[in-house]
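What follows is a set of notes on a single structure, which appears directly below.
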Amino acid sequence: MENLLLQGLNGLASASSLFLVASGLTVIFGVTRIVNFAHGSLYMLGAYLAFSIVAHLPRGHLGFWGGIVLAALAVGAIGALLEVLLLRRIYRAPELFQLLATFGVVLVVQDVALLVWGAQDLLGPRAPGLRGSVELLGLRFPLYELVLIGIGPVVLGLLLLLFKRTRWGTLVRAATQDREMVGALGVNQRWLFTSVFFLGSALAGLAGALQLPRESVNLHMDLATITEVFVVVVVGGLGSLPGAALAALLIGELHAFGILVFPKITLVLVFLVMAVVLVIRPRGLFGRAQVAQAAVASVAEPVLGRAPPALKWLGFAALLVAVVAPPFLAGDYALIVLTDMAIAVLFAASLHFIMGPGGMASFGHAAYFGIGAYGAALLTKWFAAPMLPALLAAPFCAGVAGVLFGFFCVRLSGVYSAMLTLAFAQIAWSVAFQWVEITGGDNGVLGVWPDPWATKLNFYWLALGCSVVGTLALRRIALSPFGYALRAQRDNTLRAEAIGINAFGMRWVAFVLAAGFAGVAGGLFAFAKGSVFPTALDIPRSVDALLMVLLGGVQTLAGPVLGALAFTGLHEQLVRATDYWRLVLGAVILLLVLAFPQGLAGAVRRWWEGRRHA
Amino acid sequence: MHRFTLEAQGIQKSFGGVRAVDQVSFGVRAGEMLALIGPNGAGKSTCFNLLNGHLRPDGGRVKLLGQDITGLAPRKVWKRGVGRTFQITATFGSMTVRENVQLALQSHRGELGRLWTPSWRLRGGQADTLLERVGLAGQARRPCSVLAYGDLKRVELAIALANNPRLLLMDEPTAGMAPQERVGLMALVAEVARERGMSVLFTEHDMDVVFSHADRVLVLDRGRLIAEGTPDEVRANALVQEVYLGSGFEPEPEAEASAC
Amino acid sequence: MLSVRGLSAHYGRAHILDDVGFEVPAGQVVVLLGRNGAGKSTTLKAVMGMVRPTAGQVLLEGRDLVGREAYQIARAGLGYVPEERRIFAELTVRENLSVGRRPPVPGLRPWDEARLYGLFPALGAMQDRPGGRMSGGEQQMLSIARTLMGNPRLLLLDEPSEGLAPVVVQRMAQAVRQLKAEGLSILLAEQNLYFAHAVADRAVIIEQGRIRWEGGMVELLNDESTYQQYLSL
């Protein structure tokens with residue numbers, strides 16, 4: 001009983017912090033429609049900056065609280081700068097491109113923090129005057145946690161007042177619905193957006209700074225927080241402050257009590273709740289149907305056509321080189337990289353199939369890659385299956401997961417659907433991580449070696465063959481009546497239904513197909529590495545796939561191939577060349593997003609067509 | 001032979017306690033052009049959505065050629081033989097004009113489950129025939145996203161005709177078109193309807209279009225059917241004049257009274 | 001008042017406005033006539049800075065507005081009422097109006113809520129209703145009222161009669177005439193000839209992005225050949 005009460009209060013304290021971060025994200029999303037992946041990084045910066053500022057200020061109340069406030073303001077300023085320098089230029093870019101850009105920021109901030117503050121965890125000072133604890137119903141409860149519990153509702157109240165009672169708030173709510181119209185009525189919407197970004201970022205910074213007395217400051221705070229906050233914001237309903245508050249409460253308490261009740265599946269629990277909420281309420285608890293943003297000109301996706309013959313021949317030539325050249329390469333390293341590339345191409349092509357023709361975003365495509373990998377690896381480990389049957393089982397396992405997860409994911413649309421894919425991927429990851437008896441948990445499944453005939457070179461040819469056949473098959477399906485029907489429901493669902501197309505069915509089948517092909521890639525991956533770890537299905541791997549597709553461009557069938565090659569090559573070179581590869585990769589992503597908002601393949605095609613017309 | 005292609009029997013629908021469509025009954029006769037008019041918010045769109053399956057009525061029945069289709073999903077209503085055009089033109093922007101029509105034809109023939117046959121091999125000739133019928137043969141290979149508005153309306157018509165519908169539902173077919181284009185489109189619709197013995201039910205705000213193309217007119221106000229008859233009968237109806245048609249523009253440009 | 005000269009705009013490679021020029025004299029209503037896609041809306045948007053012209057001038061009392069942001073152009077005295085009305089659906093009538101509010105302009109009788117409710121009594125009866133729960137006609141009135149809150153000297157009205165019942169269109173015409181009587185200059189894009197006839201002093205016919213005819217409204221109705229060529233049924 002006492003334990004329960006203590007856990008309940010603990011839950012309230014974390015709910016309060018969660019709400020602060022989530023409120024910032026949800027406010028920013030409401031106005032700019034940008035899902036800001038870097039919001040967790042702002043939170044982390046808040047903590048680091050508070051650490052440094054408080055250390056330089058005189059001790060005492062003023063020093064501590066002044067430091068916290070200064071850190072929050074500084075993070076707000078960083079957020080505003082981010083808006084002015086980066087996001088302002090890509091408001092009209094596709095949603096996922098904006099996401100990609102903010103992920104670039106995540107990478108950059110990670111390495112900047114590493115450069116400035118080092119890799120070791122930092123322990124901040126305790127809050128002056130709040131070091132002790134109070135007695136509540138015979139229990140000792142830390143005073144600082146109580147203060148935290150109070151801050152959440154106060155901030156919620158202030159924000160609601162700000163939005164309902166001030167002209168600024170009215171303007172922001174109007175801009176949420178139609179930014180261009182607000183501009184046409186004489187409001188300088190740029191400053192409106194920048195100020196919203198300042199507010200949202202400052203809230204994230206404040207939340208981060210307030211963690212100082214509670215936990216150590218470290219470099220993992222950003223991604224750990226952002227996934228949690230995504231869950232809160234999505235469960236609450238994107239753009240809804242009361243929703244964020246309620247969801248923060250739910251998730252905070254779930255964490256606190258989950259440890260008591262289901263210690264084995266704590267990690268799954270949060271995402272399971274999110275999945276259940278989204279299945280019952282597809283727009284979250286308080287979410288409303290998104291008002292169509294009239295301001296963003298919806299540029300029709302281009303007609304899928306054949307590539308110009310010259311580019312086609314170039315592709316064939318490259319493929320020929322890829323088949324013929326490897327025996328002459330010296331050393332295994334090149335073969336390993338080439339194998340990785342072949343696998344990455346298939347993985348990216350499978351994601352592209354649901355993103356491009358299907359029009360669905362997936363944040364959790366690694367789930368099917370990883371399930372394929374684990375499927376093959378576990379068959380080998382527990383049933384001593386030879387390589388080929390294990391490889392055949394991989395797409396089957398992934399496909400079954402696709403049938404199950406896809407059934408829920410394809411019912412939703414846009415960001416909500418993407419978040420549900422993330423939730424299922426996290427569930428799959430948690431199972432791999434926590435079901436130690438079967439999967440080996442963090443230690444992974446080892447000893448997944450290819451059959452003796454499959455030397456490095458033979459295995460490369462096998463991987464290349466699967467990759468080429470798989471990618472071409474996906475292309476053929478995209479150009480079949482099914483593929484057209486799939487695009488039809490993406491272009492205009494109402495119209496598609498009105499000519500007898502079952503949009504749900506089309507999306508579901510596409511999802512399962514994509515999962516199956518990702519599973520093939522995963523199976524190959526398991527044998528290429530000889531082992532499988534939970535990282536095979538974690539968020540960074542899903543993001544890798546997204547990066548490949550978006551770098552290459554969603555609109556062309558060649559996009560994912562180019563994107564996968566470029567990304568794998570770049571990544572490989574960077575990791576070898578520098579410890580700060582994230583910084584460079586992030587910067588490259590930002591540059592690419594700013595320079596080629598249509599992706600690499602789109603840029604190549606436009607350059608090509610422009611040259612022909614000139 | 002059924003007397004009515006489509007029959008609405010006492011259909012009703014409420015939103016948050018407000019009756020948007022209240023006990024409305026009417027029939028669309030075989031081969032006729034029937035117009036549905038009324039003030040904004042009278043329930044025309046809701047009524048349409050009850051017929052095409054987008055909304056499920058709270059009460060009443062919808063019958064197509066005597067068969068009950070109440071509450072069927074839009075794609076099932078389509079499969080029973082109801083074509084549809086949208087108020088804001090809805091085509092598939094990432095496809096060419098021909099591919100748009102081809103897809104509708106493939107869907108009608110149940111070919112959408114084919115994953116391996118290239119789409120361009122199926123129904124191309126039939127698509128061209130339909131496009132020729134609506135006067136778009138020359139535009140077949142252009143992407144829908146670059147077409148002029150009036151041409152998009154024709155693409156929509158061709159798509160809607162792909163399943164040989166018995167009934168065509170057109171929601172404000174001429175909205176956003178210039179006067180001369182409006183007449184051209186509606187004349188085409190009337191011609192096609194006559195050729196195929198197809199009935200057409202349409203909503204419209206342009207009275208010139210209504211009175212020159214409709215065989216009969218239904219008038220809806222606040223969810224209720226307030227008048228039904230030939231264009232002349234409806235035009236002469238005092239109640240319709242009061243709630244909808246008005247008394248024409250005032251001759252004196254310097255009107256003193258405040259508007260509304 | 002407003003003088004548009006040599007205005008051109010492109011969308012990709014396509015010319016959507018080609019050397020468009022016309023005048024809106026102070027206190028008059030000028031109607032842009034033309035079919036859908038002829039360039040009416042684009043002309044209004046280009047004047048308002050919402051479409052970037054590639055060439056030309058938009059002079060408001062001699063000051064060139066080209067290259068400025070929409071909000072700056074609004075502040076310079078232009079009020080824009082979009083075709084789709086673009087009401088803030090989740091804001092109430094009163095809040096919608098408050099978004100449009102700008103400081104009074106010297107020499108102009110300032111608009112406030114009371115005065116607007118006088119012009120559109122229907123709005124006065126639903127001040128706390130969210131914009132999304134209004135009928136098309138009511139939204140059109142609100143859209144005009146919201147723009148008037150900015151005390152514009154010239155009003156750009158994009159197809160105010162579109163999709164409205166005849167009886168509502170007639171009321172809308174009365175409102176436009178009243179605005180004109182109060183000294184507002186108005187540039188109107190329309191397809192409804194009855195409406196245009198009822199309110200406009202001058203007409204400009206645009207087709208495929210070019211001006212084909214310009215003159216008085218009465219003149220147009222008497223010009224049999226022009227009428228036949230561009231506007232006849």
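Throughout, a chain's letter reflects where its sequence line sits, starting with A, and its residues are numbered from 1.
Neither the backbone nor the side chain of B:Q102 comes within contact range of chain A; no heavy atoms are under 4.5 Å apart. Heavy-atom distances place the side chain of B:Q106, and not its backbone, under 4.5 Å from chain A. Interface residue B:L112: backbone and side-chain heavy atoms are both found under 4.5 Å from chain A. In this structure, chain A has no heavy atom under 4.5 Å from any part of B:H108.
A 6.0 Å sphere centred on CD1 of B:I88 holds no more than 12 heavy atoms belonging to other residues, nucleotides or ligands. The number of heavy-atom neighbours closer than 6.0 Å to CZ of B:F15, taken from other residues, nucleotides and ligands shown, is above 12. Residue-environment remark: CZ (B:R56) stays at or below the threshold of 12 foreign heavy atoms within 6.0 Å.
The contact list for residues 63-76 of chain B toward chain A, using heavy atoms and a distance under 4.5 Å, reads B:P74, B:R75 by residue number. Using a 4.5 Å heavy-atom cut-off against chain B, the contacting residues of residues 501-513 of chain A are A:I501, A:N502, A:M506, A:L513.
When atom types are taken as modelled, the side chain of A:D491 and the backbone of B:G93 share a donor-acceptor pair closer than 3.5 angstrom. Remark: side-chain polar atoms of A:R476 are not paired, donor with acceptor, to backbone N or O of B:P118 under 3.5 angstrom.
Side-chain contact between B:R114 and A:F482 is absent, with no heavy atoms from C-beta onward closer than 4.5 Å. Looking at heavy atoms from C-beta onward, A:I499 lies in side-chain contact with B:I159 at the 4.5 angstrom threshold. For the pair B:L103/A:P481, no side-chain contact is recorded, criterion being any heavy-atom separation below 4.5 Å from C-beta on.
Across all non-hydrogen atoms, the minimal contact from A:Y484 to B:M95 is O-CE, 3.2 Å. Taking every heavy atom of both residues into account, B:R84 and A:R495 meet most closely at O-NH2, 2.9 Å.
Of the listed residues A:S480, A:A485, A:A498, the one with more heavy-atom pairs under 4.5 angstrom with chain B than any other is A:S480. Across B:V146, B:T91, B:L115, the residue that shares the most heavy-atom pairs under 4.5 angstrom with chain A is B:L115.
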Evaluation steps, side chain to side chain contact (heavy atoms under 4.5 Å, CB included), between A:L494 and B:H54: CA-CA 9 Å; A:L494 274 184; B:H54 206 66; 2.8 Å; yes
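With sequence neighbours left out, the salt bridge (Lys or Arg N to Asp or Glu O under 4.0 Å) criterion links B:E172 to no other residue. Partners of A:F405 by ring-ring contact (aromatic ring centres under 6.0 Å, His included), not counting sequence neighbours, listed by chain and number: A:F424.
Expressed to the nearest 0.5 Å, how far CH2 of B:W120 lies from CG of A:L479 amounts to 10.5 Å.
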